[in-house]
Amino acid sequence: MIHGYVKVAALSPKVKVADPKYNAENIISSAKAAAAQGARIMVFPELCITGYTCGDLFGQELLLREAKAQLFVIADQTAQMDAVICVGLPLEYLGKLYNAAAVLHKGKILGIVPKTFLPNYAEYYEARHFTKGMQETVAVTLRSDLTVTMGAKQLFICDSMPSLRIAVEICEDVWSPNPPSIGHALAGADLILNLSASDEVTGKEAYRRDLVAGQSARLVCGYIYASASDGESTQDVVFSGHSIIAENGIVLKESERFKNQTICTEIDVDKLNGERRRMSTFEPSGTQDYTVTHFTFDIDETKLTRYVDPAPFVPGNKADRDKRCEEILSIQAMGLKKRLEHTGCGHAVIGISGGLDSTLALLVTVRAFDLLGMPRSQILAVTMPGFGTTDRTYENAVNLVKCLGAELMEVGIRESVELHFQDIGQDISVHDVTYENSQARERTQILMDLANKNNGLVVGTGDLSELALGWATYNGDHMSMYGVNSSVPKTLVRHLVRYFADTCGNEELTRVLLDVLDTPVSPELLPPADGVISQKTEDIVGPYELHDFFLYFILRFGYAPKKIFRLAKIAFDGTYDDGMIVKWLKIFYKRFFSQQFKRSCLPDGPKVGTVAVSPRGDLRMPSDASVRIWQDEVEQIE
């Protein structure tokens, strides 16, 4: 439970209709098995103590009495488990019968939640047997020595993990136009438990999955949906046991249908609460109408079984990745198209180095010109060989421009930079930051002046990863008139270029793009060694795949260093050892905080994903913020 993770389970054991003792035994054995896996929240199906399909047998006093007796047995037999267990049963109150869920913890019944919406159509006739559940809680005497609260408006809050706030709804409740879980979430619940008995018909599986995932997204919550399975009566319908665990729109785990299965995974409660903090439209109503019951868990480190993606910006499935690439290229091109239309610029000016970023920027610019119906010859692609330019990158730059039909212009910068060194007294043999940045600023000056000369607009090439690390020369490659790559991380840049290579239908262009992809990432500001690149960016600032991973979880969810390290260890197991992850995590925080001044004055550029650093809305961060508390936590990582 450290770092906000809680292991949860949806369980669908075999039942016998109208046999509470048999069902209780299976519930207990299933709960013990889930507890052995570390589950702290367990959800069983609707009316699981009796079976959902009892029909008019729900009118039998003996069945109701035995169901309540077996509830106590389940509570007693699970008293040693440090888990919240939610089971369904029919429960009588003041002469009326309710379809109810009992919430148990360490042998205690914390509360009873009745079903609010009762279906009364086709195969469902619940209104024949049950009464609509009350909203505000009432006191229900279960036996002479035990009275508990019953009502829909209840929250169960963990004192040892205050961010864990649980509420319950039952099956049809979530299918209704106004599900109780909406009110629960606004009252603070971030984990919704749903005990269900959903019959299976053709096409319902996908609808059910979308419904549960959508509700978890709408409410920014975790959602555990446990559905009835084998053992229910098949007189008219069949129950498949389709259980689902979702978190903020993502299905983390789902069971196979037509099997009695238990599914377990971890819900990240801190992540959910972080998301709610970010959403100005998530307006809590408070708990004034709710009965709040407190419980406590022993805190330990939940073993994570959920998948941690080492490339969170890049879809793992090729079809999804190709769709994402097409979408991003369209967003970038449409952004540039609008800027060109608005400014009335007849030309675009772009510096071409033969590297990944400038290649992507040129591809996007070509798309924008095609959308505008403007000739590609009005794209002025400028290659500016300097002290570190290699034959490989130079030839790739030239061939790329020719393949795309843009106008190629070459402006060597050696002589102008050498003259500048003389003006400022810089020793050309000293390869320091002045040596490097003077070249970057000279190139930017050339691009800006060419834009003025040609009624053009300078298209920026820098990407999101470079901006996060401050890996850009202030007022050099840091500056442009529109930065098309400004919210595209380096790990995604590669896939966008690769997608273009795979789909362009031009054999020569594909060859050039593949060679660009195979070239080490470098600013090429230091002289090459034996004709090959000597300055490799990732040797200096660290692997971009690590930095993009850090960036995603820091900006998207606000995770602290220790949690990011824990996730990185899982994601990059076998690739980077603990020491390497910590080393580059330190570098990331140091550079991220110290380089904010470069991001505070970024040019415009299109946002393509949920993580961006535009100072106009996405990252309003002071340029002189202290990094101390983050550095201190990194130092504490063992």
Side-chain angles (χ1 to χ4, degrees), residues 1 4-6 8 40-43 83-87 91 93 98-106 108-117 132-140 142 146-171 173-174 176-195 215-225 246-248 267-297 299 558:
M1 299 177 70
Y5 291 107
V6 58
V8 302
R40 294 296 189 90
I41 312 285
M42 304 180 198
V43 186
V84 166
I85 301 171
C86 201
V87 295
L91 186 67
Y93 171 69
Y98 294 88
N99 180 341
V103 182
L104 316 176
H105 178 247
K106 288 187 174 181
K108 296 181 179 180
I109 300 174
L110 300 181
I112 304 289
V113 179
K115 189 170 184 176
T116 300
F117 294 99
K132 179 183 177 75
M134 68 288 293
Q135 294 300 298
E136 282 72 30
T137 57
V138 297
V140 176
L142 295 181
L146 179 62
T147 298
V148 300
T149 55
M150 181 168 83
K153 290 187 174 182
Q154 294 195 71
L155 286 181
F156 304 92
I157 298 179
C158 181
D159 289 337
S160 54
M161 190 181 181
S163 57
L164 177 59
R165 302 176 293 272
I166 301 170
V168 180
E169 63 184 2
I170 301 176
C171 197
D173 288 347
V174 75
S176 71
N178 185 25
S181 50
I182 294 176
H184 298 339
L186 294 178
D190 48 26
L191 185 57
I192 305 296
L193 316 184
N194 187 314
L195 299 79
Q215 190 70 349
S216 74
R218 181 185 188 186
L219 303 182
V220 194
C221 71
Y223 202 104
I224 310 172
Y225 182 93
E247 178 187 275
N248 195 20
I267 296 288
D268 188 345
V269 178
D270 285 354
K271 172 181 170 182
L272 295 170
N273 281 279
E275 284 291 272
R276 289 181 177 184
R277 285 196 300 269
R278 290 162 55 95
M279 293 178 62
S280 60
T281 53
F282 194 96
E283 300 178 351
S285 59
T287 61
Q288 58 269 22
D289 296 332
Y290 275 73
T291 296
V292 177
T293 302
H294 294 266
F295 65 96
T296 187
F297 281 145
I299 298 297

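Excluded from the calculations below are hydrogen atoms, water molecules and symmetry mates; all remaining heavy atoms, backbone and side chain alike, are included.
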Undergrad: What heavy-atom pair brings L155 and A167 nearest, and what distance separates the two atoms?
TA: CD2-CB, 4.0 Å
Undergrad: Quick one: does any side-chain atom of Q154 pair with a main-chain N or O of I112 as donor and acceptor, under 3.5 Å?
TA: yes
Undergrad: Do F117 and K132 touch side chain to side chain, with heavy atoms closer than 4.5 Å?
TA: yes
Undergrad: Less than 3.5 Å apart, any donor N or O on the side chain of N194 or D173 sitting next to an acceptor on the other?
TA: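 Not at all, the side chains of N194 and D173 share no donor-acceptor pair under 3.5 Å.
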Undergrad: Is any side-chain heavy atom of V84 closer than 4.5 Å to a side-chain heavy atom of F156?
TA: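 No, every pair of side-chain atoms sits at 4.5 Å or beyond.
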Undergrad: Is there a side-chain contact between I170 and Y98 (heavy atoms, below 4.5 Å)?
TA: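 A side-chain contact is absent here, since even the closest heavy-atom pair is not under 4.5 Å.
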Undergrad: Can you find a heavy atom in the side chain of E169 that is under 4.5 Å from one in the side chain of T116?
TA: no
Undergrad: Run F295 and K108 through side chain to side chain contact (heavy atoms under 4.5 Å, CB included) and show every step you take.
TA: CA-CA 10 Å; F295 65 96; K108 296 181 179 180; over 6 Å; no
Undergrad: Are the side chain of Y290 and the backbone N or O of H184 linked by a donor-acceptor pair below 3.5 Å?
TA: yes
Undergrad: For residues D270 and S163, report the shortest heavy-atom separation together with the two atoms involved.
TA: OD1-OG, 3.4 Å
Undergrad: Which heavy-atom pair separates L195 from A101 by the least distance, and what is that distance?
TA: CD1-CB, 3.7 Å
Undergrad: Less than 4.5 Å apart, side chain to side chain, heavy atoms only: is that true for R278 and E275?
TA: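 The answer is yes, as the side chains (C-beta and beyond) meet within the 4.5 Å cut-off.
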Undergrad: Check whether any side-chain heavy atom of Q215 sits under 4.5 Å from a side-chain heavy atom of I182, and report yes or no.
TA: yes
Undergrad: Under a 3.5 Å threshold, yes or no: a donor from one side chain and an acceptor from the other, between T137 and T291?
TA: yes
Undergrad: So, do F297 and M161 sit near enough that their side-chain heavy atoms are less than 4.5 Å apart?
TA: no
Undergrad: Do you know which two heavy atoms are closest between S216 and Y223, and how far apart they sit?
TA: CB-CB, 4.0 Å
Undergrad: Quick one: CD1 on I41 to CD1 on I166, what's the gap to the nearest 0.5 Å?
TA: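 Nearest 0.5 Å value for the CD1-CD1 distance: 3.5 Å.
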Undergrad: Could you tell me whether a side-chain N or O of R276 sits under 3.5 Å from a main-chain N or O of V220, the two making a donor and an acceptor?
TA: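 Flag set: sc R276 to bb V220 pair under 3.5 Å.
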Undergrad: Taking the side chain as everything from C-beta on, heavy atoms only, tell me whether L142 gets closer than 4.5 Å to L91.
TA: yes
Undergrad: Between atom CG of N248 and atom CD1 of I267, what is the distance when rounded to the nearest 0.5 Å?
TA: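 That separation rounds to 10.0 Å.
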Undergrad: For a quick test of reading the model, state the closest non-hydrogen atom pair linking P179 to V174 and the distance between them.
TA: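 Smallest heavy-atom distance, with atoms named: CG-O, 3.8 Å.
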Undergrad: Between SG of C221 and CG of N273, what distance do you get to the nearest 0.5 Å?
TA: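 C221 SG to N273 CG: 11.0 Å, rounded to 0.5 Å.
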Undergrad: What distance separates K153 NZ from Q288 CD, expressed to the nearest 0.5 Å?
TA: 9.0 Å
Undergrad: For D190 versus L272, what's the shortest heavy-atom pair and its separation?
TA: O-CD1, 3.5 Å
Undergrad: With rounding to the nearest 0.5 Å, note down the distance linking CZ in R165 to SG in C158.
TA: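 That separation rounds to 11.0 Å.
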Undergrad: Find the distance between OH (Y225) and CD1 (I192) and round it off to the nearest 0.5 Å.
TA: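 Y225 atom OH to I192 atom CD1 measures 14.5 Å (nearest 0.5 Å).
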